[in-house]
Amino acid sequence: MDKTFQPAAIETRWYQEWENRGYFQPQGGDQAYSIMIPPPNVTGSLHMGHGFQEAIMDALIRYHRMSGFNTLWQPGTDHAGIATQMVVERQLEAEGLSRHDLGREKFVEKIWEWKEQSGGNITRQLRRLGASLDWSRERFTMDEGLSKAVQEVFIRLYEEGLIYRGQRLVNWDPALHTAVSDLEVLSEEEQGHLWHFKYPLSSGEGHLIVATTRPETMLGDTAVAVHPEDERYAHLVGQSITLPLSGREIPIIADDYVDPEFGTGCVKITPAHDFNDYEMGQRHGLEMINILDDNAAINEQAPAAYVGLDRFEARTRIVADLEQLGLLDKIEPHTLKVPRGDRSGVVIEPYLTQQWYVDAKSLAGPAIEAVENGDIQFVPKQWENTYFSWMRDIQDWCISRQLWWGHRIPAWYDDAGNIYVGKDEAQVRAQNKLPESLTLRQDEDVLDTWFSSALWTFSTLGWPDNTEELATFHPSSVLVTGFDIIFFWVARMIMMTLHFRKEVPFHTVYVHGLVRDAEGQKMSKSKGNVLDPIDLIDGIDLESLVDKRTAGMMQPQLAAKIEKATRKHYPEGINAYGTDALRFTYYSLASTGRDIRFDIGRIEGFRNFCNKIWNAARYVLMNCEGQDCDANGAGEVELSLADRWIISELQQTKAAVAKAMASYRFDHASQALYEFVWNQYCDWYLELSKPVLWDDEASEAAKRGTRRTLIRVLESTLRLLHPFMPYITEEIWQTVAPLAGQSGATIMLQPYPLYDDKGVDSAANADIEWLKGVIEGLRNIRGEMNIAPGKSLSVLLRNAGESDKSRLEKNAASLKKLAKLESIRLLADGEEAPIAATALVGELEILVPMADLIDKNAELQRLAKEVEKLEKELQRIEGKLNNPAFVDKAPEAVVAKERSKLQAQQQALAKLREQKQRIELM
RNA sequence: AGGACUAUAGCUCAGUUGGUUAGAGCGCUACCUUGACAUGGUAGAGGUCCCCAGUUCGAAUCUGGGUAGUCCUACCA
């Protein structure tokens with residue numbers, strides 16, 4: 001074995017082995033455990049957030065697989081309609097082509113080509129992370145089976161009246177030429193203006209002043225509204241004004257939506273271009289005039305002077321023209337929220353179009369109930385509120401997208417505008433008895449990607465066919481996801497699954513935090529602070545990292561800034577830490593918080609932890625390989641106190657990990673394991689094994705017992721660690737297992753260690769605690785007194801009780817070795833104690849004679865510090881016990897505890913004071 | 001505007017049903033290449049648990065009110 005752990009040398013080898021041998025496939029078992037991967041975008045790449053999420057799922061999966069469940073982790077990707085189409089369109093653009101130049105069929109072919117070419121990226125990354133997905137079952141939202149499911153769902157919902165087509169105002173992305181759902185629109189505050197215009201009354205007697213942030217929409221105004229109780233305008237309601245530029249006469253109406261306090265209290269109403277105005281238009285039966293085209297340029301409904309102008313050009317022109325007419329009252333700076341497409345970044349227009357909708361309200365009822373009655377539980381629970389608040393006010397879901405990449409809507413139209421929904425044209429004709437002569441054309445649109453994602457848990461298992469997998473693995477056990485897609489995905493999955501399967505898609509939703517950079521910033525390409533998990537595994541030099549972060553940017557002007565920041569944060573690039581260290585870092589950060597700051601310092605610590613495990617194994621193997629470790633359990637074996645103690649500690653660790661896993665506290669699991677391996681097994685047990693193994697006097701049974709304990713505890717620990725650190729544990733386990741009497745081809749299919757109360761040994765625990773106390777007392781004297789570590793000490797014990805005496809007897813060898821003692825013995829009866837530095841373990845006094853090695857003043861200082869600490873503590877306890885209210889009202893156990901504390905501390909204090917005095921008299 | 005969450009060591013974070021001397025990792029200081037490991041060992045320093053008030057014998061923990069930050073939802077033209 002190398003002196004340091006080299007992850008790169010083993011990771012790929014083991015992953016290939018696992019995959020080739022089919023270990024990731026369900027292995028049987030009484031109970032099923034399944035997780036459906038939240039499908040990443042097929043043409044994308046994994047970022048730190050994905051890495052975090054996959055690591056969590058893999059830990060759950062490996063844990064349950066080892067625990068004997070019939071375990072499936074279902075892999076797959078989605079087609080990410082808009083994102084993917086955009087990428088390919090941009091590639092075409094580079095060749096000076098648009099998708100229209102190619103035509104629909106050719107263009108979709110191109111996307112498939114791109115998918116084939118780039119689709120392996122994600123799955124390659126997942127493999128590098130050690131994700132034990134059953135690749136033999138990999139699915140894609142656009143593959144045949146899932147498309148069939150999508151079609152089936154659409155048709156059935158249509159037949160049940162839960163999908164309908166209607167003309168509504170939608171969020172229109174003028175760059176992508178498609179409707180997007182309200183979830184895909186992000187509103188941010190931006191600086192704009194508030195333009196005040198004079199609208200002349202048709203009566204010719206004066207004007208009203210309206211304010212707007214979007215002057216161009218005035219071409220589509222069909223009313224001006226005031227508040228019904230606004231006395232200033234009450235007399236004008238029912239009259240009309242003559243709309244400037246268009247010359248149309250439009251009514252003045254009253255509606256309590258209007259806030260009389262804002263602006264002038266008069267609002268221009270444009271029902272075809274504003275969501276609130278749309279509703280008001282409905283209430284008042286107003287005309288809807290659409291003045292934009294698909295590009296958000298002015299259409300021919302508007303006066304000729306503006307037709308064809310882009311919306312922002314038209315804005316400038318209209319303001320200028322109104323000013324010229326003397327109708328511009330004033331312009332004020334104004335902060336407003338501007339809605340932008342999350343993909344395109346352009347300003348979204350409310351736009352009147354024909355779209356398909358899902359009646360979400362009807363589907364929401366059972367979905368709310370499933371969470372209310374606990375069929376589905378969120379972890380942490382507070383996310384249920386987020387879910388409820390959205391579900392209880394849910395809007396119908398616009399599912400049609402004016403894209404070419406996606407599931408085409410299975411609807412056909414005849415020239416009379418009749419709609420026929422079915423599997424294909426032939427079936428539609430047959431079902432509706434349509435003559436051959438009737439021309440039908442299929443709807444041009446495709447479905448929202450989330451529509452197919454909503455079916456993910458059951459479509460991946462073969463639905464609508466009644467497959468065995470569906471029966472076995474559905475509902476899935478848990479969904480692991482970020483809170484940012486509770487609405488997009490989780491809620492819709494619950495609705496769809498309940499409707500079609502009459503069962504929940506998953507029993508638990510584990511909501512994890514969002515990975516941010518070390519400064520708490522969200523990682524994003526435009527900020528240039530994204531990290532590729534693979535770069536933390538393999539390492540990356542500075543220049544490559546800069547190139548990677550500044551390549552292919554939407555806004556190249558940011559490149560310089562990103563380069564600077566990158567050079568500042570990673571002047572040396574990023575070291576290679578390996579997958580296990582990265583994964584363990586993720587777990588250590590997976591608490592209940594919403595934000596996860598990823599600090600490079602953390603991963604370094606866990607890389608060191610891997611190295612610690614590696615070297616501990618090296619030590620164990622050095623002492624066990626070729627030796628009798630009682631692998632077959634036949635030899636005579638004597639277990640030392642230390643052996644019994646570490647076995648006992650191992651049980652506590654098993655229990656802690658099991659508890660942590662049951663509550664999704666991966667941070668607690670990782671903490672418990674780290675603490676056990678480093679602070680107990682390595683720091684104490686390995687050290688305690690040395691005096692036995694290196695002692696020529698020790699019996700063969702004792703040596704065998706220690707070797708057996710060394711190797712078996714290590715073997716169990718590797719299994720305990722495996723779900724979190726798959727590679728290093730497999731690598732070491734291969735050599736360790738046979739020595740520990742375990743056989744098997746791989747650690748990943750071994751049983752997960754279970755807490756065994758027979759292993760718990762409180763007597764051994766107490767003895768070792770005593771031993772640690774004595775050693776730590778001595779080390780403290782050494783450290784504080786600057787006694788050279790190489791210097792052997794002769795130590796005396798005073799005031800030893802019976803248990804101290806027997807413990808001393810049992811542990812003398814260990815004590816000598818670990819505290820580097822020349823000798824240690826009890827002070828004989830009547831023997832006068834020499835002047836010495838003192839440490840206390842309970843009532844036992846440990847004396848290090850000062851003779852020539854201890855500095856008087858240093859010892860006095862050290863004692864003073866101890867005395868002060870005790871005095872403070874005593875004061876606190878006395879205060880408590882002198883308070884009658886405390887003694888009367890606090891539970892007896894608490895009072896008793898304080899009393900015994902008081903006594904112990906008083907004794908200790910007395911001894912230290914006495915000691916201090918003696919030294920002062922020296 | 002409504003709601004949620006967060007505030008603990010220099011940094012990143014744990015802290016169970018109120019009772020601990022408030023913990024861990026990283027960083028810091030001193031010493032140490034002893035035969036698993038310097039990606040290491042030993043010892044140590046470091047906290048007004050954001051502020052104020054309340055409940056309680058007792059509050060990092062519970063309640064109310066502030067302050068600061070983050071996020072979500074809905075939005076005023």
Side-chain angles (χ1 to χ4, degrees), chain A residues 1 3-5 187 194-195 210-214 217 225 257-259 261-270 274-277 334 336-337 380 382-383 385-386 389-390 393 483-484 486-487 514 516 518 520 522 575 577 581 588-589 591-602 604-623 659 663 665 667-668 671 674-675 679 682-683 686-687 690 694 776 779-790 820 869-870 872-873 876-877 880 883-891 893-895 897-898 901 905:
Chain A
M1 282 175 92
K3 217 173 163 180
T4 52
F5 173 53
S187 291
L194 196 55
W195 285 270
V210 297
T212 180
T213 53
R214 306 175 60 215
T217 62
Y257 158 78
V258 180
D259 175 5
E261 304 295 318
F262 189 92
T264 55
C266 304
V267 192
K268 61 190 268 314
I269 303 300
T270 324
D274 181 283
F275 289 101
N276 288 312
D277 293 5
H334 183 71
L336 72 162
K337 294 239 177 162
Q382 77 217 29
W383 291 110
N385 292 331
T386 309
S389 69
W390 190 66
D393 186 34
F483 58 81
D484 47 335
I486 288 179
F487 305 147
L514 240 49
R516 301 171 173 276
K522 201 168 165 176
N575 287 328
Y577 296 107
S588 74
L589 296 169
S591 61
T592 56
R594 228 173 32 180
D595 297 323
I596 292 150
R597 288 192 187 210
F598 193 87
D599 186 10
I600 205 96
R602 292 299 291 258
E604 191 150 339
F606 292 116
R607 189 263 322 254
N608 297 351
F609 180 53
C610 291
N611 194 53
K612 192 76 182 175
I613 296 169
W614 185 256
N615 276 289
R618 243 164 42 98
Y619 167 81
V620 172
L621 289 172
M622 262 176 213
N623 285 289
K659 187 181 171 207
S663 53
R665 288 302 302 267
D667 60 329
H668 287 170
Q671 169 74 22
Y674 185 100
E675 214 273 336
N679 303 124
C682 291
D683 283 353
L686 294 193
E687 294 307 319
K690 290 173 185 176
W694 298 350
E776 277 165 354
R779 282 176 179 170
N780 174 272
I781 291 173
R782 270 186 193 277
E784 298 273 289
M785 312 289 296
N786 284 322
I787 300 171
K820 188 131 176 98
K869 216 198 262 178
L870 279 177
K872 241 192 218 160
E873 178 60 10
R876 200 185 61 84
I877 300 173
K880 244 181 177 177
N883 178 356
F886 172 71
V887 181
D888 289 352
K889 295 192 181 170
V894 174
V895 179
K897 196 172 154 195
E898 291 295 321
K901 242 196 281 183
Q905 308 272 35

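Only heavy atoms go into these numbers, but all of them, side chains included; no hydrogens, no water, no symmetry mates. This structure is a prediction, so every number in the text was calculated from the model and none was measured. Within every chain, numbering begins at 1; the chains are lettered A, B, ... in the order of the sequence lines, protein sequences first and strands thereafter.
A:C682 comes within 4.0 angstrom of a base, heavy atoms only. Using a 4.0 Å heavy-atom criterion, one finds that A:P891 contacts the bases of the nucleic acid, with or without backbone contacts as well. Nucleic acid contact class of A:N883 (heavy atoms, under 4.0 Å, all strands): sugar-phosphate only. At the heavy-atom level, A:W694 lies under 4.0 Å from base atoms of the strands shown. The residue A:F5 sits apart from the nucleic acid: no heavy atom pair falls under 4.0 Å. A:S389 comes within 4.0 angstrom of no nucleic acid atom, judged by non-hydrogen atoms across all strands. Within the 4.0 angstrom heavy-atom criterion, no nucleotide atom of any strand lies near A:D277. Base engagement by A:L686 is indicated by at least one non-hydrogen atom pair under 4.0 Å involving a base atom. Across all strands shown, A:Q905 has no heavy atoms under 4.0 Å from either base or sugar-phosphate atoms.
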Given A:Y577 and A:F606, is the ring-ring contact (aromatic ring centres under 6.0 Å, His included) satisfied, shown in steps? CA-CA 9 Å; A:Y577 296 107; A:F606 292 116; over 10 Å; no

Test salt bridge (Lys or Arg N to Asp or Glu O under 4.0 Å) on A:R597 and A:D599 and set out the steps. CA-CA 6 Å; A:R597 288 192 187 210; A:D599 186 10; over 6 Å; no

Going through the checks in order, is the side chain to side chain contact (heavy atoms under 4.5 Å, CB included) test met by A:W383 and A:R594? CA-CA 11 Å; A:W383 291 110; A:R594 228 173 32 180; 3.5 Å; yes

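Between A:I596 and A:R516 the shortest side-chain heavy-atom distance does not fall below 4.5 Å. Between A:K690 and A:Y619 there is a side-chain heavy-atom pair separated by less than 4.5 Å. The shortest distance between side-chain heavy atoms of A:T217 and A:D274 does not fall below 4.5 Å. Annotation: side chain of A:V210 is in contact with side chain of A:C266 (closest heavy-atom distance under 4.5 Å). The side-chain heavy atoms of A:R665 and A:T592, taken from C-beta on, include a pair separated by under 4.5 Å. In this structure, A:L336 and A:L194 have side chains that are not in contact, with every pair of non-hydrogen atoms separated by 4.5 Å or more.
Applying the side-chain contact (heavy atoms from CB on, under 4.5 Å) rule to A:K820 yields the partners A:R782, A:S792; only residues at least two apart in sequence or on another chain are considered.
No hydrogens or angles were tested; on distance alone, a donor-acceptor pair under 3.5 Å links the side chain of A:R602 to the base of B:U12. Judged by atom type and distance alone, A:R607 reaches the base of B:U39 through a side-chain donor-acceptor pair under 3.5 Å. No N or O donor and acceptor, one from the side chain of A:E784 and one from the base of B:A30, sit under 3.5 Å apart. With hydrogens and angles ignored, no donor-acceptor pair under 3.5 angstrom links the side chain of A:R876 to the base of B:U21.
Nearest-nucleotide assignment on RNA chain B puts the 5′-proximal partner with A:R597, out of A:K659 and A:R597. Two residues, A:D599 and A:M622, neighbour RNA chain B, and the one matched to the more 5' nucleotide by heavy-atom proximity is A:D599.
Here the separation of B:G35 from B:G15, taken at their P atoms, is 41 Å to the nearest Å. B:G64 and B:U55 have their C1' atoms separated by 10 Å, given to the nearest Å. Atom C1' of B:G65 sits at a distance of 37 Å from the matching atom of B:C26, rounded to the whole Å. B:U67 and B:G27 have their C1' atoms separated by 30 Å, with the value rounded to a whole Å. Taking the P atom of each, B:C11 and B:U63 are spaced 27 Å apart, rounded to whole Å. Comparing the C1' positions of B:G47 and B:C28 gives an interatomic distance of 16 Å, to the nearest angstrom. Nucleotides B:C52 and B:U8 have their P atoms positioned 16 Å apart, rounded to a whole Å. Look at the P atom in both B:U70 and B:A77: the space between them is 23 Å, to the nearest Å.
Considering A:D277, A:T212, A:N276 as possible partners of A:T270, the one that fulfils the side chain to side chain contact (heavy atoms under 4.5 Å, CB included) test is A:D277.
Between A:N611 atom CG and B:C37 atom C1' the separation is 6 Å, expressed in whole Å. With rounding to whole Å, A:F606 atom CZ is found 10 Å from B:C13 atom C1'. In this structure, the NE2 atom of A:H668 is 11 Å from the C1' atom of B:A24, given to the nearest Å. If you take CD of A:E604 and P of B:A38, they are 15 Å apart, rounded to a whole angstrom. Distance A:I877 CD1 to B:G19 P: 16 Å, rounded to the nearest Å. Atom CZ in A:R594 sits about 17 Å away from atom C1' in B:C13, given to the nearest Å. The CE-C1' distance, from A:M1 to B:U39, rounds to 15 Å in whole Å. With rounding to whole Å, A:F483 atom CZ is found 11 Å from B:U73 atom P.
For A:K690, no side-chain nitrogen or oxygen approaches OP1 or OP2 of B:U34 to under 4.0 Å. Here A:K612 does not reach the OP1 or OP2 of B:G40: none of its side-chain N or O atoms lies under 4.0 Å away. Under 4.0 angstrom from either OP1 or OP2 of B:G15 there lies at least one side-chain N or O belonging to A:R665. Between A:Y619 and the phosphate of B:C37, there is no side-chain N or O to OP1/OP2 separation shorter than 4.0 Å. Contact annotation: A:H334 side-chain N/O to B:A77 OP1/OP2 distance is under 4.0 Å. Contact annotation: A:S591 side-chain N/O to B:A14 OP1/OP2 distance is under 4.0 Å. Taking only side-chain nitrogens and oxygens, A:N608 comes nearer than 4.0 Å to OP1 or OP2 of B:G40. Residue A:N623 has no polar side-chain atom (N or O) positioned under 4.0 Å from OP1 or OP2 of B:A36. Between A:R782 and B:A43, a side-chain N or O to OP1/OP2 separation shorter than 4.0 Å is absent. Contact annotation: A:K337 side-chain N/O to B:A74 OP1/OP2 distance is not under 4.0 Å.
Contact check on A:E898 versus A:K901 returns a salt bridge, with a Lys/Arg side-chain nitrogen under 4.0 Å from an Asp/Glu carboxylate oxygen.
Here B:C37 is the nucleotide among B:A77, B:C37, B:C71 with the atom lying nearest to any side-chain atom of A:R618. Taking only side-chain atoms of A:D667, from C-beta outward, the nucleotide of B:A14, B:C57, B:A77 with the closest atom is B:A14. Nearest nucleotide to the A:K889 side chain, out of B:C57, B:A43, B:C26: B:C57. Nearest nucleotide to the A:K901 side chain, out of B:A36, B:U20, B:C72: B:U20.
The aromatic ring of A:F609 does not stack onto the base of B:G25, failing the criterion of a centre distance under 5.5 Å from the six-membered base ring together with planes under 30° apart.
Base pairing in RNA chain B gives the following stems of 3 or more Watson-Crick or G-U pairs, range against range and under 3.5 Å: B:1-7 with B:67-73, B:10-13 with B:23-26, B:28-32 with B:40-44, B:50-54 with B:62-66.
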